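Okay, so here's the structure we're looking at.
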Amino acid sequence: MIKLITICCFLSLSVFAQDSKEVMKPVNLLFEGMKQGDSAMVRRAFHPEAVLHTVLNDPKTNEPRLRNEALAGFLKSVGTPHKEVYNEMIWGEKIEIDGDMAQVWVDYAFYLGATFNHCGIDAFHLIRNAKGDWLIYSLSDTRRKTGCNVPREVSERVR
């Protein structure tokens with residue numbers, strides 16, 4: 001009985017590890033596309049009906065507010081030539097999967113080239129399509145300039 005439980009646990013962990021790797025593919029594709037300035041690459045990470053949101057504080061009132069951004073606007077920003085590389089570094093991935101839905105919660109630090117710009121949390125919701133590919137259908141983030149505890153190994157990868 002203990003052997004059976006051990007085998008089941010091992011198989012469950014192996015399946016979850018494989019599923020987690022698959023769920024992270026569009027997330028990693030998004031960041032690689034941003035780094036390369038390739039909006040077509042970024043587009044492949046998203047579901048056609050994807051929505052983007054940022055939770056931030058109003059600069060005048062300091063009250064929380066929600067800013068919505070159309071995927072088309074984000075893709076234009078990524079694909080328009082810009083001097084500095086958009087380099088978003090992530091760590092501390094927390095992945096949850098239930099059938100054809102998954103969520104990924106990660107800490108991030110965003111750099112323009114090698115210069116720190118802001119940090120926060122990215123919260124992704126993903127759907128598995130009929131072909132078995134995961135796509136981002138919702139991306140929400142927070143943004144701040146202070147209180148960023150970027151691990152040394154993360155900041156060193158930027159250089």
Side-chain angles (χ1 to χ4, degrees), residues 16-98 100-129 133-159:
F16 181 78
Q18 181 60 33
D19 285 348
S20 294
K21 183 178 176 184
E22 292 300 311
V23 165
M24 287 302 294
K25 279 185 178 180
V27 173
N28 293 327
L29 183 66
L30 162 63
F31 295 132
E32 185 58 33
M34 287 172 59
K35 191 182 258 186
Q36 292 183 26
D38 185 339
S39 59
M41 182 185 293
V42 170
R43 177 72 193 92
R44 289 196 309 271
F46 285 93
H47 186 276
E49 298 174 41
V51 295
L52 296 97
H53 304 283
T54 298
V55 175
L56 44 78
N57 288 340
D58 187 286
K60 294 178 183 176
T61 65
N62 203 34
E63 291 183 13
R65 67 180 176 103
L66 183 64
R67 185 178 80 195
N68 301 316
E69 182 175 7
L71 180 58
F74 177 67
L75 294 172
K76 183 177 180 182
S77 173
V78 168
T80 300
H82 42 275
K83 185 177 179 179
E84 299 292 344
V85 172
Y86 293 172
N87 193 1
E88 189 157 334
M89 307 298 291
I90 62 172
W91 67 94
E93 296 90 353
K94 296 172 193 82
I95 301 168
E96 295 184 2
I97 303 167
D98 184 30
D100 294 321
M101 185 178 88
Q103 68 179 12
V104 177
W105 179 281
V106 296
D107 293 279
Y108 78 89
F110 182 79
Y111 295 81
L112 290 173
T115 304
F116 174 81
N117 187 269
H118 64 273
C119 71
I121 295 292
D122 283 332
F124 298 90
H125 284 96
L126 301 97
I127 184 171
R128 185 173 20 215
N129 67 15
D133 299 322
W134 289 97
L135 297 170
I136 301 164
Y137 70 84
S138 175
L139 169 54
S140 299
D141 68 275
T142 61
R143 296 181 191 178
R144 63 184 178 279
K145 301 245 182 210
T146 61
C148 303
N149 297 316
V150 181
R152 175 183 281 160
E153 62 272 12
V154 171
S155 60
E156 287 176 352
R157 287 188 313 202
V158 175
R159 317 256 181 267

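Bear in mind the structure is a predicted one, so any value in this text is a computation, not a measurement. Each residue takes its place number in the sequence, starting with 1.
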- [ ] Quick one: pull up CZ in Arg67 and CZ in Arg65 and give me the separation to the nearest 0.5 Å.
- [x] 7.0 Å

TODO: Starting at CG of Leu75, measure out to CZ of Phe46 and round the result to the nearest 0.5 Å.
DONE: 7.0 Å

Open item on the list: With side-chain contact (heavy atoms from CB on, under 4.5 Å) as the criterion, how do Asp122 and Val27 come out once you've worked through the C-alpha distance, each side chain's angles and the decisive distance to 0.1 Å?
Closed with: CA-CA 10 Å; Asp122 283 332; Val27 173; over 6 Å; no

Open item on the list: Please check: side-chain N/O of Lys145 versus main-chain N/O of Asn117, any donor-acceptor pairing under 3.5 Å?
Closed with: yes

TODO: Without swapping roles, check the side chain of Asp98 against the backbone of Met101 for a donor-acceptor pair under 3.5 Å.
DONE: no

Task: Side-chain touch Leu52/Leu71, heavy atoms, less than 4.5 angstrom - done: yes

Open item on the list: Counting C-beta onward and ignoring hydrogens, is there a side-chain heavy-atom pair between Val78 and Asp38 closer than 4.5 Å?
Closed with: no

Open item on the list: Tell me if a side-chain donor or acceptor on Ser77 pairs with a main-chain N or O of Gly73 at a distance below 3.5 Å.
Closed with: no

TODO: Mark yes or no for whether His53, through its side chain, and Val51, through its backbone, hold a donor-acceptor pair below 3.5 Å.
DONE: no

Task: pair Leu29-Val42: side-chain heavy atoms closer than 4.5 Å - done: no

Task: Stepwise side-chain contact (heavy atoms from CB on, under 4.5 Å) test for Glu88 and Met34 - done: CA-CA 8 Å; Glu88 189 157 334; Met34 287 172 59; 3.6 Å; yes

- [ ] For residues Asp141 and Phe124, determine if any side-chain heavy atom of one lies less than 4.5 Å from a side-chain heavy atom of the other.
- [x] no

TODO: Measure the acute angle between the ring planes of His125 and Tyr137, then classify it against the limits of 30° and 60° as parallel, tilted or perpendicular.
DONE: tilted

Task: From NZ (Lys94) to CH2 (Trp105), nearest 0.5 Å - done: 8.0 Å

Task: Thr142 to Tyr108 - nearest heavy-atom pair and separation - done: O-OH, 2.7 Å

- [ ] Hey, could you give me the CG/CH2 distance between Leu126 and Trp134, rounded to the nearest 0.5 Å?
- [x] 7.0 Å

Open item on the list: Contact between His47 and Pro26 at the side-chain level, heavy atoms closer than 4.5 Å - yes or no?
Closed with: no

Task: From Val55, Ile90, Asp107, residue fulfilling side-chain contact (heavy atoms from CB on, under 4.5 Å) relative to Ile121 - done: Asp107

- [ ] Check the surroundings of atom CG in Asn68: do more than 12 heavy atoms from other residues, nucleotides or ligands lie under 6.0 Å from it?
- [x] yes

- [ ] Please name the pair of heavy atoms, one in Lys60 and one in Asp58, separated by the smallest distance, quoted to 0.1 Å.
- [x] N-OD1, 2.8 Å

Task: Point-to-point distance, once rounded to the nearest 0.5 Å, from CG of Leu30 to NZ of Lys25 - done: 16.0 Å

Open item on the list: Donor-acceptor pair, distance only, cut-off 3.5 Å: does the side chain of Asn28 make one with the backbone of Met24?
Closed with: yes

Open item on the list: I'd like to know whether CD of Glu49 has more than 12 heavy-atom contacts from other residues, nucleotides or ligands below 6.0 angstrom.
Closed with: no

Task: Minimum side-chain heavy-atom gap Phe116-Cys148 below 4.5 Å - done: yes

Task: Arg44 CZ to Ser39 OG distance, which is reported to the nearest 0.5 Å - done: 10.0 Å

Open item on the list: Between Val104 and Val23, is the side-chain contact (heavy atoms from CB on, under 4.5 Å) condition met? List the steps.
Closed with: CA-CA 8 Å; Val104 177; Val23 165; 3.5 Å; yes

Task: Side chain proximity check, Tyr86 to Leu112, heavy atoms < 4.5 angstrom - done: yes

Open item on the list: Looking at every non-hydrogen atom in both residues, tell me the closest pair between Glu32 and Met41 and how far apart they are.
Closed with: C-SD, 3.8 Å

Open item on the list: Less than 4.5 Å apart, side chain to side chain, heavy atoms only: is that true for Lys35 and Tyr111?
Closed with: no

Task: Shortest non-hydrogen contact between Ala114 and Val158, atoms and distance - done: CA-CG1, 3.7 Å

